[in-house]
Protein chains: 4
Amino acid sequence: MEDRLPGRPRDPETERRILDVALAELARDGYSRMTLDSVAAAAGVSKPTIYRRWSSKADLATAAIETLRLLEPKVDHGSTVGDLTGTVENFIRSLMRPNGMSLIGTVLAEEGHTPELLRLFRERLVAPRRQTLRTILEQAKKRGELRPDVSLDAAVAMLVGAVYARYLASSNVPPRFARDVVEIVWAGIRKL
Amino acid sequence: MEDRLPGRPRDPETERRILDVALAELARDGYSRMTLDSVAAAAGVSKPTIYRRWSSKADLATAAIETLRLLEPKVDHGSTVGDLTGTVENFIRSLMRPNGMSLIGTVLAEEGHTPELLRLFRERLVAPRRQTLRTILEQAKKRGELRPDVSLDAAVAMLVGAVYARYLASSNVPPRFARDVVEIVWAGIRKL
Amino acid sequence: MEDRLPGRPRDPETERRILDVALAELARDGYSRMTLDSVAAAAGVSKPTIYRRWSSKADLATAAIETLRLLEPKVDHGSTVGDLTGTVENFIRSLMRPNGMSLIGTVLAEEGHTPELLRLFRERLVAPRRQTLRTILEQAKKRGELRPDVSLDAAVAMLVGAVYARYLASSNVPPRFARDVVEIVWAGIRKL
Amino acid sequence: MEDRLPGRPRDPETERRILDVALAELARDGYSRMTLDSVAAAAGVSKPTIYRRWSSKADLATAAIETLRLLEPKVDHGSTVGDLTGTVENFIRSLMRPNGMSLIGTVLAEEGHTPELLRLFRERLVAPRRQTLRTILEQAKKRGELRPDVSLDAAVAMLVGAVYARYLASSNVPPRFARDVVEIVWAGIRKL
DNA sequence: CATGAATGAGCTTTCATTCAT
DNA sequence: AATGAATGAAAGCTCATTCAT
C-alpha cells in the first residue's frame, strides 16, 4: 500500500551532518590528520554509521569534497571589468573563509596518495570558477572588446592565481587587490 | 694537529643527508605522512641520531625547508619582458620537479598545526622569488617604462600565481605559458 | 513429509537456508571467523531474521551442527572385513570433502569457549559413526570371529583415528589406506 | 675492543615470555580469538615490542608453534610392545595437557586461512612423533618380528590416531587405552 | 655520540548485537 | 515478521618519542 521502503529509514540529516563535519575537519586538519573518530564524535554518530555510507576514509573525504559547489552569487555589473572584479572578489572571500586555503593545500599534498581528492576538487571548484571567468572574457571577445591574439587561458589563470600567490606571500589579501589585478589584466587584454 | 673539540665530532655529512632525505619525504608524502622511521632508514641513521640534532618532527621538517634556497640562475636578457619571461620559466621548471607542488600543498595544509613550515617557506622561497620579480619591475619603473599608478604587488602576484592556478587546473603547464602570461602583464603595465 | 507443528516459523525454507549457509561458513572459516553479516547476506536475509530464530551466534552455530547427520550409505558386503573397509572408505570420503577437516578443527578449537559445538558434533556425527563400526564388530563377535578379550572401543578408535592421523600428517589420504588399516585391525582382533 | 653489539640489547627473557604466552593463548583461545593486546599484556610488554620481533599476528603464532618440540622422554623398554606403549602413553599425556587438543583444532581450522600454522605443526610435532613410532617399527621389522607386507604408515597412523578418535569421542582417555591399542596393532602386524 | 629497544596513544576497520520502522 | 540503521567494543597495526647500553 504504502510506498515506504522496508527497514528503518536513514535519517537524512545524518548524512548531511557527517559530510559537513568531514569537510570542516578536512580543511582544518588536512586529510591525513583527519580522523574518523573525531568526525564521528563531532557529527554525533558512531563510526559504523559512517562506514555504512562510505567505504573508507578516502571515500568519505572524497564525498565531502564532492559536496562543494560553487555557490557564489552571479555577478553582472554590465561591464566586463565590473564582472571580473566581482568574480575575483567573490573568490577572495571564499578563500578567506576559515581554512579555505588549507583545503587546497591538503588536496595538493595528497596528490601522490589520494589523487581523487584533487580530481574532484578540480571538477567541483576549480573548473566552475575558471568557467565563470572564461565566459565573461569570451563574451567580451565576442563584443570585440579584446585583442584577438590574447590567451584567455593565461588571463583566467592570472586572475585566479594572483590570489593564491598573494595568500602564499602573506595569508592576507588587501581589499583593493581584486581591483588592482583586474585593472592590469584588463589593460593587458583590451583592444586599444 | 687538529684542534678538535673533545668527544666524537658530529659528521656534517650526516646532517646534510638527513635534511635531504627529510625534504624529499616531506615533498613526496606531506608532513603528516612523513615518518621519522623512514627518514632515519633512508638516511642510514637511527632515530636518536635525528633527535639529537632536532628536537621534534616539526623541528626537522622546518630545518629541511630552511635548507631550501632559491638557487636559480639569474636572468638578464637586457629587456624587461625577457627578464620576466626567464624568471617565470625558471619558476615553472622548479614547480614541475617531482612533488614540487606537493611541498607547497603540505606547507599550506599545515598552516593551522605547524605554522613554522609556512613561515619558513615564505621566507626562503616565496619572498626571494617575489623579490627577483619586483626588482625587475622596479628597475623598469625607474627607467620610465611603466605606468606610474600600476600596482607592482599585483603584477608580481599575477606572474607567479598564474602558474599555481594553471597547475591547480591540470597539473601540467604548456611550454608557452610563461610568454602568454608575461605578454598580458606587460601590456597591462607598460606606459603607452 | 514434515508434520508441521503449530507455532512453527512461517517459511521453513528460510530456516533451512540459513542453517545450510551457516554450516558451510562454519566449516570454511571456523567459528570465530564466521560472521553473521555474511551468513545473512549469503542466505538472502537480514540479521534480525537470524536473531529472531536463534539467540546468538553460538546458538546458530550449534543449530547448524545439529543438522548434521550421518547420511552415509549403509555398507553390507556380507563380510566383516568388507563392511569395515566400506565404512572407513565412506568416512575418508566425507573427511575429504572441502573443509571436512576444518569443521572438526573449529569444533575442537572452540571446546573452551563454545563447548556445545563439540557436544553436538559428538552426538550427531562422531557417535553414529562409531556406532556403525561397533555394530559391525559386535556382530562379528557374536559370530565368534573375534578374540574375546579384545577392546572393541580401541578397535573402533583405531579405525576412525587412523584417518585423522593420516590427514594431520599430510592432508591427503592414499586410496588403499582404508584397506591397509582394516587389514591390520582385522589381523589384530580376529580369532586365530 | 669489546664484542658487544651496538645499541640497547634485547632482553632475551622477553622473547621467550612472549612466545610462551602466545602459545598458551593460541591453544586456549584459538588463532582468531587470540589478540596481540592480550598477549602483550600477559607478557608484560607493549605491542610494538612484539611487532619489532614478528611482523604480524600470523608470524607470531607461527613462531610460537615453532618453539614446540617433542621433548618427550626417550622410551626404551627393550621390547617393541613396551616401546610402542610407552610412546603412545607419552602422547596421551601431552594431549591431555590443558588445551592440548584445542591447539590441534585451531591449527586445522585455520588451514584455509593461515596454512603455515598447520605446516609448522606438522613439521615440529606431528612428524617427529610419527618418526619415533616408525623407527620402533622399522627396527622390529629388521629383527624379523613383523609380517613383511604390513603397512607401517597405516600402523603409525592407527597408534596415534586412536588417541585423537578417542578424545573426539569423549575428551577423556582411559588409563589402559594405550595398552589396548598397542595390543591390537601388535597382534595385527607381528609375524605369527 | 650512536645504536637498537621500548612504549603510550592512536588509526582505520570490523563484528555481534539491538533499535526503529 | 522482516528490514535497514545504529552502536559499543574491540582488533591489528603504526608512529613520535624516550630509554638503556
Side-chain angles (χ1 to χ4, degrees), chain A residues 2 4-12 14-15 32-40 44-60, chain B residues 5-11 14 32-40 44-60, chain C residues 9-11 14 32-40 44-60, chain D residues 2 4-12 14-15 32-40 44-60:
Chain A
E2 295 278 353
R4 244 189 314 124
L5 293 170
R8 173 176 174 176
R10 275 188 197 175
D11 182 350
T14 300
E15 187 144 342
S32 55
R33 275 186 204 271
M34 156 185 152
T35 78
L36 292 201
D37 258 315
S38 88
V39 170
V45 299
S46 69
K47 278 186 285 182
T49 297
I50 298 180
Y51 276 95
R52 171 168 288 279
R53 292 167 169 77
W54 303 278
S55 67
S56 66
K57 177 181 172 178
D59 202 22
L60 172 63
Chain B
L5 294 171
R8 179 167 173 183
R10 280 191 196 167
D11 184 350
T14 301
S32 56
R33 276 187 205 271
M34 159 185 145
T35 77
L36 291 201
D37 262 313
S38 91
V39 170
V45 300
S46 68
K47 277 188 289 183
T49 298
I50 298 179
Y51 274 95
R52 178 164 292 281
R53 290 166 167 80
W54 301 278
S55 68
S56 68
K57 178 181 174 179
D59 200 21
L60 171 63
Chain C
R10 280 240 211 83
D11 186 355
T14 300
S32 57
R33 277 186 202 272
M34 159 183 145
T35 76
L36 292 202
D37 261 312
S38 89
V39 169
V45 300
S46 68
K47 278 188 289 182
T49 298
I50 297 180
Y51 275 94
R52 176 165 293 281
R53 290 166 167 78
W54 300 279
S55 68
S56 68
K57 179 181 172 177
D59 201 22
L60 171 63
Chain D
E2 296 277 351
R4 241 186 320 120
L5 293 171
R8 172 175 177 178
R10 274 187 198 177
D11 182 350
T14 301
E15 188 144 342
S32 55
R33 275 186 205 271
M34 154 184 152
T35 80
L36 292 201
D37 261 314
S38 89
V39 170
V45 299
S46 69
K47 275 187 287 181
T49 296
I50 298 180
Y51 275 97
R52 171 169 289 278
R53 291 165 170 78
W54 301 279
S55 67
S56 66
K57 177 182 173 180
D59 203 21
L60 171 63

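To find a chain, count down the sequence lines: A is the first, B the second, and so on, and within it residues start at 1.
In DNA chain F, consecutive stretches of 3 or more Watson-Crick or G-U wobble pairs with both distances under 3.5 Å are given as paired ranges: E:2-21 with F:2-21.
What separates CH2 of W54(A) from C1' of dT13(E) is a distance of 16 Å, to the nearest Å. Taking atom CD1 of residue I50(A) and atom P of nucleotide dT14(E), one finds them 14 Å apart after rounding to whole Å. Between Y51(A) atom OH and dT13(E) atom C1' the separation is 5 Å, expressed in whole Å. Here the P atom of nucleotide dT12(E) and the CG atom of D59(A) are 14 Å apart, to the nearest Å.
Taking S56(A) as the reference, nothing meets the side-chain hydrogen bond (donor to acceptor under 3.5 Å, both in side chains) condition, with sequence neighbours excluded.
The CD1 atom of I50(C) sits 9.0 Å away from the CG atom of D37(C) when rounded to the nearest 0.5 Å.
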* To do: Give the B/S/- string for nucleotides 4-11 of chain F, one per nucleotide from 5' to 3', where a protein heavy atom under 4.0 Å of the base yields B, of only the sugar-phosphate yields S, and otherwise -.
  => BBBBB-BS

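L60(A) is not listed as a side-chain neighbour of Y51(A), based on a closest heavy-atom distance of 4.5 Å or more. Side-chain contact check for R10(D) versus T14(D): every heavy-atom pair is 4.5 Å or farther apart.
The nearest heavy atom of DNA chain E to S55(C) and to S56(A) marks one nucleotide each, and the one closer to the 5' end goes with S56(A).
Across all non-hydrogen atoms, the minimal contact from K57(C) to L36(C) is CG-CD2, 4.3 Å. Looking at every heavy atom in both residues, S46(D) comes nearest to A40(D) through C-CB, 4.1 Å.
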